[in-house]
> 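Once you've had a glance at the structure underneath, I'll fire off some questions.
Here is the naming used below: chain letters follow the sequence lines, and residue numbers restart at 1 for every chain.
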Amino acid sequence: MSENKHRVSRRQFLNYTLTGVGGFMAAGMLMPMVRFAVDPVLQPKAAGEFVNTNVKESDIKEEPTRVDFTIKQKDAWHEAEEPKSAWVYKNEKGEIVALSPICKHLGCTVNWNGDKSNPNMFFCPCHGGLYEKNGDNVPGTPPSAPLDEYEYKIQDGFLYLGKAKPRGGA
Amino acid sequence: MKWQMVDIDSFLQSREYVDTAVVPLLSVSFDEELKRNASKADFIKIVSQELERQLKGRIMLLPPFVSLKNDDIDLDKLLKKWKDTIKQHFQHVIFLTCEERWRKEGDEFIWIPSIPIEHMDQDVKRKVVQDQIEQIMNILLQYWNRT
């Protein structure tokens with residue numbers, strides 16, 4: 001038996017080698033494919049992160065104030081700090097509301113009290129879009145949806161903002 | 001909107017709303033003004049991009065018009081050609097510049113003082129830029145209200 005053990009026929013030898021080499025080649029092809037397939041799962045989720053705005057919770061008033069912050073954004077070959085803004089205030093119930101200033105019409109930045117003839121409203125300088133304080137669009141002006149609202153959280157007394165989420169239509 | 005593919009599609013869809021073209025004017029030289037020119041270019045770039053961000057739906061930010069300092073070609077004629085061409089597609093054309101030579105050159109030129117912001121703190125920088133934006137916006141609103 002022990003003598004036979006060392007006897008490997010030409011056919012067997014070729015079988016082993018080809019299976020071995022073929023196996024390596026198959027693995028070499030399949031591994032990157034599998035890696036590509038699961039890659040999205042392995043990516044760190046940057047979008048869901050909250051960003052510190054350096055605004056103290058106690059400083060937030062009932063009058064909407066503009067809060068500027070930057071998020072890091074990676075785009076193929078360059079990494080940029082994208083400037084973002086939010087209109088932040090406390091509503092009657094004392095809850096914090098952080099509205100995205102991006103007009104739902106064509107993406108301009110809306111301003112609080114931006115138009116003298118429409119006080120206490122968000123005004124879009126581009127085409128005269130109007131929004132109520134709670135972000136609802138005023139019918140008859142170009143925008144067709146209310147302003148997006150940021151997810152927020154309070155940590156160590158500071159306001160952190162997350163993603164802007166669309167609210168239901170008015 | 002910017003002069004880039006992602007914006008062009010939405011531009012084509014909503015052309016009637018985008019009635020203002022903004023062209024930054026820059027000049028290039030390698031003499032003692034080199035540093036100043038680079039700093040101006042920085043400032044104009046930041047201001048024009050921020051302006052575009054805030055007025056995305058109504059302005060189209062075109063690539064900058066670059067000229068050599070002390071060039072002997074007839075710049076005014078060339079610029080006029082730009083203006084006339086753009087005017088066929090946009091109701092308003094704005095040339096945004098820090099260059100003294102285009103200061104008070106006409107209605108469509110908006111001259112802003114170049115502020116060396118490269119050594120400023122983030123918050124101060126943002127405030128300086130926002131101040132400029134608000135002034136430019138006021139001028140733009142005047143143009144828009146006129147028509």
Side-chain angles (χ1 to χ4, degrees), chain A residues 51-56 59 65-78 80-87 99-118 122-131 137 141-145 147-148 158-159 164, chain B residues 1-2 4-22 45-61 90-92 94 117 120-145 147:
Chain A
V51 183
N52 190 353
T53 58
N54 289 320
V55 171
K56 283 194 193 122
D59 287 347
T65 336
R66 186 172 161 157
V67 171
D68 291 303
F69 59 104
T70 47
I71 55 164
K72 287 213 171 67
Q73 207 182 41
K74 241 186 189 165
D75 174 25
W77 48 82
H78 77 249
E81 294 218 316
E82 202 193 331
K84 291 259 178 191
S85 318
W87 288 103
L99 293 173
S100 157
I102 310 291
C103 180
K104 294 304 259 184
H105 178 220
L106 284 169
C108 298
T109 304
V110 301
N111 289 307
W112 175 247
N113 270 343
D115 187 24
K116 298 277 170 295
S117 46
N118 291 293
F122 291 105
F123 174 71
C124 176
C126 288
H127 306 99
L130 282 172
Y131 300 88
N137 53 308
T141 63
S144 56
L147 293 172
D148 290 353
F158 284 99
L159 176 72
Chain B
M1 318 217 169
K2 289 183 191 149
Q4 57 188 24
M5 257 330 270
V6 273
D7 285 354
I8 292 299
D9 278 335
S10 52
F11 166 67
L12 290 175
Q13 274 165 28
S14 41
R15 250 191 133 128
E16 69 271 28
Y17 291 106
V18 188
D19 66 352
T20 307
V22 176
K45 185 181 162 199
I46 292 171
V47 169
S48 58
Q49 289 194 348
E50 182 61 19
L51 185 74
E52 188 274 339
R53 189 174 78 92
Q54 295 190 21
L55 298 175
K56 198 180 185 58
R58 191 153 179 186
I59 67 173
M60 165 64 89
L61 177 63
F90 294 88
Q91 212 176 335
H92 309 276
I94 301 295
I117 53 170
M120 284 181 189
D121 196 54
Q122 275 294 332
D123 290 340
V124 186
K125 202 189 269 185
R126 208 179 272 154
K127 177 137 199 332
V128 168
V129 172
Q130 187 57 34
D131 284 350
Q132 288 301 326
I133 300 282
E134 270 161 30
Q135 289 190 27
I136 298 171
M137 243 191 231
N138 276 337
I139 301 175
L140 277 178
L141 283 178
Q142 279 174 27
Y143 286 151
W144 291 345
N145 286 336
T147 45

> Looking at A:P101, A:C124, A:G107, which one has more heavy-atom pairs under 4.5 Å with chain B than the rest?
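Of the candidates given, the most pairs with chain B belong to A:G107.
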> How close do A:C108 and B:G57 get, counting heavy atoms only, and between which atoms?
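What the structure gives for the nearest pair is SG-N, 2.9 Å.
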> Please report the shortest heavy-atom distance between A:H127 and B:Y17, naming the atom on each side.
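Looks like NE2-O, 2.8 Å.
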> What residues, two or more places apart in sequence or in another chain, satisfy disulfide bond (SG atoms under 2.5 Å apart) together with A:C103?
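For A:C103 there are no disulfide bond (SG atoms under 2.5 Å apart) partners, ignoring immediate neighbours.
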> Who among B:Q130, B:E50, B:E52 has the most heavy-atom pairs with chain A under 4.5 Å?
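Of the candidates given, the most pairs with chain A belong to B:Q130.
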> So which residue, B:R53, B:Q122, B:M137, B:Q49, ends up with the most heavy-atom pairs under 4.5 Å with chain A?
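Of B:R53, B:Q122, B:M137, B:Q49, B:R53 has the most heavy-atom pairs under 4.5 Å with chain A.
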> Using the rule side-chain contact (heavy atoms from CB on, under 4.5 Å), only one of B:R58, B:M1, B:Q13 pairs with A:L106; which is it?
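Single pass found, and it is B:M1.
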> For residues A:T70 and B:R126, report the shortest heavy-atom separation together with the two atoms involved.
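Smallest interatomic distance, heavy atoms only, reads CG2-NH2, 3.8 Å.
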> Can you say whether B:L55 sits under 4.5 Å from chain A via the side chain, the backbone, both, or neither, judging by heavy atoms?
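Answer is both: backbone and side chain atoms of B:L55 are under 4.5 Å from chain A.
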